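Note that the structure is predicted; figures quoted are calculated from it, not measured. All chains are named by letter (A, B, ...) in the order of the sequence lines, taking the proteins before the strands, and each is independently numbered beginning at 1.
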Number of protein chains: 2
Amino acid sequence: MRDVPFARRPITINPVNSPTPGQCGDCGARHIGLCDALTDEDLGFLARVAQRVVISAGKTFIDEGTTANHFYDITQGDVRVFKSLADGRRQITGFMGVGHFIGLAVSGQYAFSAEAITDVKLCRFDRGPLLEVFAEFPALERKLLDVATHEMVIAQEQMLLLGRKTAIERVSSFLISWSERSDPYPDGTSKTSTVNLSLPMSRTDLADYLGLTTETVSRSFSQLKRDGLISFTDVHEVTLLKPQRVAALTAGEQ
Amino acid sequence: MRDVPFARRPITINPVNSPTPGQCGDCGARHIGLCDALTDEDLGFLARVAQRVVISAGKTFIDEGTTANHFYDITQGDVRVFKSLADGRRQITGFMGVGHFIGLAVSGQYAFSAEAITDVKLCRFDRGPLLEVFAEFPALERKLLDVATHEMVIAQEQMLLLGRKTAIERVSSFLISWSERSDPYPDGTSKTSTVNLSLPMSRTDLADYLGLTTETVSRSFSQLKRDGLISFTDVHEVTLLKPQRVAALTAGEQ
DNA sequence: AGCCGTCGTTGATCTCAATCAACGGCCGCA
DNA sequence: TGCGGCCGTTGATTGAGATCAACGACGGCT
């Protein structure tokens, strides 16, 4: 692992689809993704190694085991990240939304696959040039470390879920964490009112995320409905009628 | 998240137990842990914010939910990192050995606990001063990012195990990954000879790591013994008699 | 040396979630 | 408008691993 010199050096500029800093200003992920670590001024350097990419729902854009040539920042839509076994068993390790950064890899290969759940827009960075930008802007590397650390916390939480929670606890935990994802005030006023959530992923996705089968996910939802804790307006639109009682079912970490 | 200025500034020096660079040279983790990112010369700066700590087997030295005041580098022994539920259920998220770095945290609190499996020696860094050292040596931050990225890969692998593998696959996967941990040539000559492993952790630890019960771990080991794939000289000393056949049972990732 | 507590193994039984099966609703398409 | 495939739900049955139980080996202690 050789050091990258600190002095500025010429950066490969890809003229195709390169967003200008101005375009970045319009970006949905401008103030939540990687880009939040830079000023509008410095963002230009990042923009020069970026390309906008559109992926339609269901398409794979990262394949486990292939060479890791790119980093991605999601600017629109939702993505599932997963690993598979040879016989087809699949474990979704995370659902990623706007602002999420994907593509950290060791030994040059992706250790996971990624697919668009909805239609997705991505900001794609070429690995080599981006690493050079990192060398110039340590703030980016720090941001990336924050991202990685946060992902690690989520991953540990998920291991606890997969290793030790019951079906109903898993589904409840998912509902609560999914509601917190879009909640601007995480541990603000304790949730007494109802919460509306949209679930872009399929029941199969949920099952593969929670280490269950679709049938068990469905039965758990039905039980929560029967107990008056949630209701569905549509298969992909759930309302938490009693968020606190759902939270109580997650076997909340001490 | 305010920026840490780049210019060198005075660093708090703790005169108690501070290892000198010379002492670092003797350290078992000198060339594998965080310290590997620095030259002997620069290591002095790191050493000034470090303390040597000894933890006896079974003792907890990081408590989930407490303020994250320290980073740790393991210089001797093995550690279990875990999360617990209020009712006592426990998920071990990793076994950490010499050279492993522990303590990355978000929002200032540890999201996990850590206990010594064997007697353990640690190099402890105070958080504040260490962050200042990071600002001076970006190589450290990069190293940390590498560490975090690698941990993430392991965590995803473990989620696949916990969510989708059978008991025998989990135990086999553990044996193989544990054998690779100390293997200096990971994908070198395919393992045809036998491999001796020492398992410092208890069956309960293994169960809590693999999302099983001690009974199931024990039964899986017994089955592997019955099939002539492994043998035990002692409860904590296993020999892989047919490493390739054990590997075949892990449902190897494609 | 003898005692006690912990740890690991094995057997018997139980249970939660998986599997197998059927069906209704929805959507895209002819 | 009718058809076919996919998705989600619900019911019946099965099964892998948990739970309950017993016991032997070991190690620390007096």
Of the non-hydrogen atoms in [X] and [Y], which two are nearest, and what is the gap between them?
{"X": "Ser193(B)", "Y": "Pro243(B)", "value": "O-CG, 3.1 Å"}
{"X": "Ala247(A)", "Y": "Thr250(A)", "value": "O-OG1, 2.6 Å"}
{"X": "Ser220(A)", "Y": "Ile168(A)", "value": "O-CD1, 3.7 Å"}

Which class fits the ring pair Tyr209(B) and Phe174(B): parallel under 30°, tilted 30 to 60°, perpendicular over 60°? perpendicular
Aromatic rings Phe95(A) and Trp178(A): how do their planes relate, parallel, tilted or perpendicular, breaks at 30° and 60°? perpendicular
Roughly how far apart are Asn196(B) CG and Thr239(B) OG1, rounded to 0.5 Å? 4.0 Å
OH on Tyr72(A) to CZ on Phe125(A), rounded to 0.5 Å: 11.5 Å
The helix from dA1(C)-dT30(D) to dA30(C)-dT1(D): angle between end helix axes, five pairs per end, rounded to 10 degrees: 40°
Got a sec, which pairs hit side-chain hydrogen bond (donor to acceptor under 3.5 Å, both in side chains) with one end in residues 75-96 of chain A, sequence neighbours left out? Glu64(A)-Lys83(A), Arg80(A)-Glu115(A), Arg80(A)-Asp205(A), Lys83(A)-Glu157(B), Asp87(A)-Arg89(A), Arg89(A)-Glu169(B), Arg90(A)-Asp205(A), Arg90(A)-Asp208(A)
Interface residues of residues 212-219 of chain B with DNA chain D (non-hydrogen, below 4.0 angstrom): Leu212(B), Thr213(B), Glu215(B), Thr216(B), Arg219(B)
Return the residues of residues 158-173 of chain A meeting this criterion: a heavy atom under 4.0 Å from some atom of DNA chain C. Order them by number, or give none. Thr166(A), Ala167(A)
Is there a residue in residues 222-243 of chain A whose heavy atoms reach under 4.0 Å of DNA chain C, and which residues are they? none
Check whether Arg170(A) reaches the backbone of Leu162(A) with its side chain - one donor and one acceptor, N or O, closer than 3.5 Å. yes
Is there a donor-acceptor contact under 3.5 Å from the side chain of Asp119(B) to the main chain of Ser56(B)? no
Using distance alone, with no hydrogens and no angle criterion, decide if His100(B) and Asp73(B) have a side-chain donor and acceptor under 3.5 Å apart. no
For residues 224-254 of chain A, which residue pairs pass the ring pair (Phe, Tyr, Trp, His ring centres under 6.0 Å) check, not counting sequence neighbours? Phe221(A)-Phe232(A)
Just to verify, what does Arg219(B) make a salt bridge (Lys or Arg N to Asp or Glu O under 4.0 Å) with, not counting sequence neighbours? none
Just to verify, what does Lys165(B) make a salt bridge (Lys or Arg N to Asp or Glu O under 4.0 Å) with, not counting sequence neighbours? Glu253(B)
Which atom pairs, one a donor and one an acceptor, fall under 3.5 Å between side chains of residues 222-230 of chain B and the rest of the protein, sequence neighbours left out?
from	atom 1	to	atom 2	distance (Å)
Ser222(B)	OG	Ser218(B)	O	3.0

Restricting to side-chain contact (heavy atoms from CB on, under 4.5 Å), what partner residues turn up for Val106(B), sequence neighbours left out? Thr149(A), His150(A), Val153(A)
Test side chain to side chain contact (heavy atoms under 4.5 Å, CB included) applied to Asp126(B) and His70(B), step by step: CA-CA 5 Å; Asp126(B) 286 320; His70(B) 303 286; 2.8 Å; yes
Check every nucleotide of DNA chain D for an atom under 4.0 Å from a heavy-atom of chain A, then give the first and the last such nucleotide from 5' to 3'. dG8(D) to dA12(D)
d(CG, Leu210(A); P, dA17(C)) in whole Å: 12 Å
Please enumerate all protein N or O atoms sitting under 3.5 Å from an N or O of nucleotides 24-26 of chain C, with distances to 0.1 Å.
none

